[in-house]
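In what follows, chains carry the letters A, B, and so on, assigned in the order in which the sequence lines appear, proteins first and then strands, with residues in each chain numbered from 1. On a predicted model such as this, the values are computed, not experimentally measured, just so you know.
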Amino acid sequence: MTGPDGQPVDLMKEVISLSKQRGFVFQSSEIYGGLKSCYDYGPLGVELKRNIMNEWWRAMVHERENVVGLDASIIMHPRVWEASGHLSSFSDPLVDCRNCKERFRGDKAPRAAMSAEVEYPEGGKKKGKMLKGLVDERGYVCPNCGSPDLSPERNFNLMFRTSLGSVDPMQEVAAVLAGKSLTAEEIRKILDEKVKETAVYLRPETAQAMFVQFQNVQQSLALKIPFGIAQMGKSFRNEVTVEHFIFRSCEFEQMEMEYFVEPGKQKEALEYWKNERLWWYQSYANERSKFRLRQHGPKELAHYADDCYDVEYDYPWGWGELEGIASRTDYDLKKHSEFSGAHLNYFDQEKTDPTTGKKGWRFTPYVIEPAAGATRATLMFLIDAFAYDSPRPDADGNVKLRRVLKLHPRLAPYKVAVLPLVKKEGMPELARELVQQFFREGINAKYDEQHAIGKRYARHDEVGTPYCLTVDGDSIKEGTVTIRDRDTTQQERIKIDEALLLVRKRLEKV
RNA sequence: GCGGGUGUAGCUCAGCGGUAGAGCACCGCGUUGCCAACGCGGUUGUCGUGGGUUCAACUCCCAUCACCCGCUCCA
């Protein structure tokens with residue numbers, strides 16, 4: 001992207017800097033030096049994120065007859081994660097290449113015959129001297145340089161483990177180990193056993209609660225298939241790498257929906273939801289061409305999925321994921337039935353059982369899951385909204401960079417700013433009264449009397465406030481205000497009563 | 001975790017082995033009345049953190065933390 005002066009601009013840097021300056025996103029615990037991948041949402045950030053999530057809830061739950069909500073505990077029974085496969089698949093064996101320093105997953109590395117002699121360039125560089133080595137008993141080489149000179153496999157548990165209960169399990173471990181002379185392996189075993197007694201995990205996805213509570217939700221509301229259960233909330237993953245500001249962080253917020261369908265209807269449902277979700281993003285964004293759907297290749301699919309589409313956005317660093325719409329088959333409900341002994345299935349009295357030919361069909365539903373990242377969506381909407389106002393030279397002829405967030409009015413933290421032109425002659429009083437009128441309508445308005453009027457316009461442009469209402473001398477005499485549009489900067493004089501209607505109209509559903 | 005880069009005022013950045021700087025922001029007074037206005041005055045710093053070398057370290061060395069760019073994982 002280029003600025004109004006034609007100079008190239010680092011869009012991410014600008015967004016991060018504006019986020020901090022205007023109170024959208026701060027680094028967590030900044031005064032202590034910050035904490036890796038943790039961020040706090042400031043006064044405006046919390047409004048933006050909450051607006052995004054509320055819009056999602058409205059589109060997914062409130063405006064649909066057959067989707068209901070759930071708000072589950074973040075900590076769930078540890079067996080949930082055994083059943084879901086997260087305990088095993090989230091602890092991937094990672095290996096470092098001693099030659100080129102690449103880190104990779106051992107199980108996904110290119111296979112090579114054990115004891116075979118292979119050639120590889122020194123340091124992984126194209127012009128590097130060719131070296132020779134023998135493939136060890138693991139039977140694979142570095143995917144980057146082909147070297148067999150590799151570190152041992154190390155397990156990385158991607159779930160946050162903690163213990164439920166006020167007694168510190170380490171105390172018991174210490175008691176068991178006291179006075180014993182043991183090998184590292186033996187200690188490890190004792191540790192694992194003791195820790196496991198009270199071990200619980202912070203959920204790595206909100207989805208599992210919707211499967212685990214499938215029966216309660218379905219029966220309590222007598223839901224008929226197809227139906228969906230939606231949930232928003234925090235999830236936690238010890239990511240190997242965190243990157244791009246709030247794009248990938250260990251603590252993140254999800255908006256997920258599990259849509260249960262009859263076996264055989266999953267393709268049709270996937271088709272519906274992928275288009276629905278793409279459109280949802282586009283309808284709030286400025287640049288629709290920056291979104292696309294991408295189907296996963298067979299190697300990309302998660303262990304539970306038979307098909308998957310990502311909604312991708314063209315971020316400053318390239319195309320990246322916003323949301324995954326996965327066809328999760330009947331994997332999760334079957335697994336939880338197996339592990340818990342509960343019968344997580346559905347009985348349809350009207351349908352004919354395809355295997356017996358008799359009326360009445362009991363089946364395990366198939367699941368389509370649109371799983372969105374709320375924190376990711378927040379970043380995306382900030383990037384999408386970021387723009388420069390047309391250049392305006394000041395009195396000295398210097399061109400000032402004026403940043404504007406062209407946020408959709410429904411997402412904007414403040415919907416309208418009410419500004420007294422000057423702090424006298426009854427203007428502040430009238431402006432404050434007007435703000436109260438907006439509050440009564442449930443519209444987040446902002447009273448602002450600090451600094452010159454031009455600065456206030458600029459400041460509200462920068463946080464995405466769609467409208468500024470200015471109270472001046474004529475307001476008192478004639479009952480009119482000027483209304484200024486963020487995107488055109490055009491002003492119009494209207495009756496005070498009209499202002500409320502105009503703002504309300506702009507906030508109507510897209 | 002590995003490799004490369006960065007860290008100085010609220011923001012953007014300059015600086016350098018010898019007294020910590022600029023622009024913007026912020027505060028006050030005055031003027032002004034609709035697009036980061038003008039004049040005058042003022043405030044702001046653990047130079048990321050800890051250690052070392054040195055008469056002297058923001059500057060050189062080591063460690064550490066955080067961020068950015070690659071690699072692997074994902075919403």
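When heavy atoms are screened at a 4.0 angstrom cut-off, A/A452 is found touching base atoms of the nucleic acid. Backbone-only contact: A/Y39 has heavy atoms under 4.0 Å from sugar-phosphate atoms and none from a base. Using a 4.0 Å heavy-atom criterion, one finds that A/L419 contacts no nucleic acid atom at all. Across all strands shown, A/S17 has heavy atoms under 4.0 Å from sugar-phosphate atoms exclusively, and none from any base. Counting any heavy atom pair closer than 4.0 Å across all strands shown, A/R486 reaches no nucleic acid atom. Across all strands shown, A/E239 has heavy atoms under 4.0 Å from base atoms, whether or not it also approaches the sugar-phosphate. Base contact: A/K424 has a heavy atom under 4.0 Å from a base atom. At a threshold of 4.0 angstrom between heavy atoms, the contacts of A/S235 with the nucleic acid are absent. Looking at heavy-atom distances under 4.0 Å, A/D310 makes no contact with the nucleic acid at all. As judged by a 4.0 angstrom heavy-atom cut-off over every strand, A/Y32 is placed among residues making no nucleic acid contact.
Residue side chain A/F252 meets the stacking definition with respect to B/A75: its ring centre sits within less than 5.5 angstrom of the base's six-membered ring centre, and the planes differ by less than 30 degrees.
Rounded to an integer number of Å, the gap from A/E312 CD to B/A75 P is 12 Å.
A close approach under 4.0 Å does occur between a side-chain nitrogen or oxygen of A/Q450 and OP1 or OP2 of B/C27. Phosphate contact (OP1/OP2 of B/C13, side-chain N/O of A/K13, threshold under 4.0 Å): present. Within the 4.0 Å cut-off from OP1 or OP2 of B/C26, at least one side-chain nitrogen or oxygen of A/K455 is found. OP1 or OP2 of B/C26 sits under 4.0 Å from a side-chain N or O of A/H451. Regarding contacts with the backbone of B/C69, a side-chain N or O of A/H244 is found under 4.0 angstrom from either OP1 or OP2. Taking side-chain N and O atoms only, A/H460 has no distance below 4.0 Å to OP1 or OP2 of B/A36.
At a cut-off of 3.5 angstrom, counting only N and O atoms as typed in the model, there is a donor on one side and an acceptor on the other between the side-chain of A/Y457 and the base of B/C34. For a distance-only test at 3.5 Å, the side chain of A/E253 fails to qualify as a donor-acceptor partner of the base of B/A75. Side chain A/R248 to base B/C73: a donor-acceptor pair is found below 3.5 Å.
Annotation: side-chain hydrogen bond (donor to acceptor under 3.5 Å, both in side chains) contacts involving residues 367-381 of chain A, sequence neighbours excluded, comprise A/R328-A/E369.
Atom name P, nucleotides B/G21 and B/G4: the rounded distance is 35 Å, in whole Å. B/C24 and B/U59: their C1' atoms are spaced 26 Å apart (whole Å). Rounded to whole Å, the C1' atom of B/U12 lies 27 Å from the corresponding atom of B/G17.
In this structure, a donor-acceptor pair under 3.5 Å is present between the side chains of A/R403 and A/Q21. Side-chain contact annotation: A/Y41 with A/E253, donor-acceptor N/O pair under 3.5 Å absent.
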Next item on the list: Go through the steps for A/F247 and A/F245 under the test ring-ring contact (aromatic ring centres under 6.0 Å, His included), then give the verdict.
Entry: CA-CA 6 Å; A/F247 177 77; A/F245 194 39; over 10 Å; no
Item checked: Stepwise side-chain contact (heavy atoms from CB on, under 4.5 Å) check, A/H451 with A/R459 -> CA-CA 10 Å; A/H451 310 296; A/R459 205 162 48 224; 3.2 Å; yes
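Side-chain atoms of A/Q266 never come within 3.5 Å of backbone atoms of A/Y366 as a donor-acceptor pair (strictly under, hydrogens ignored).
Relative to the side chain of A/E462, the nucleotides B/A36, B/G33, B/C35 differ in distance, and B/A36 lies closest. Comparing B/G10, B/A75, B/C34 against the side chain of A/I453 picks out B/C34 as the nearest. Here B/C34 is the nucleotide among B/C35, B/A75, B/C34 with the atom lying nearest to any side-chain atom of A/D472. The A/K20 side chain lies nearest to B/C11 when the options are B/A75, B/A66, B/C11. Nearest nucleotide to the A/W317 side chain, out of B/A75, B/G70, B/C34: B/G70.
When both distances must be under 3.5 Å, the Watson-Crick or G-U wobble mate of B/G21 is B/C13.
Annotation: cation-pi geometry not satisfied between A/R294 and A/W319 (NZ/CZ under 6.0 angstrom from ring centroid, within 45° of ring axis).
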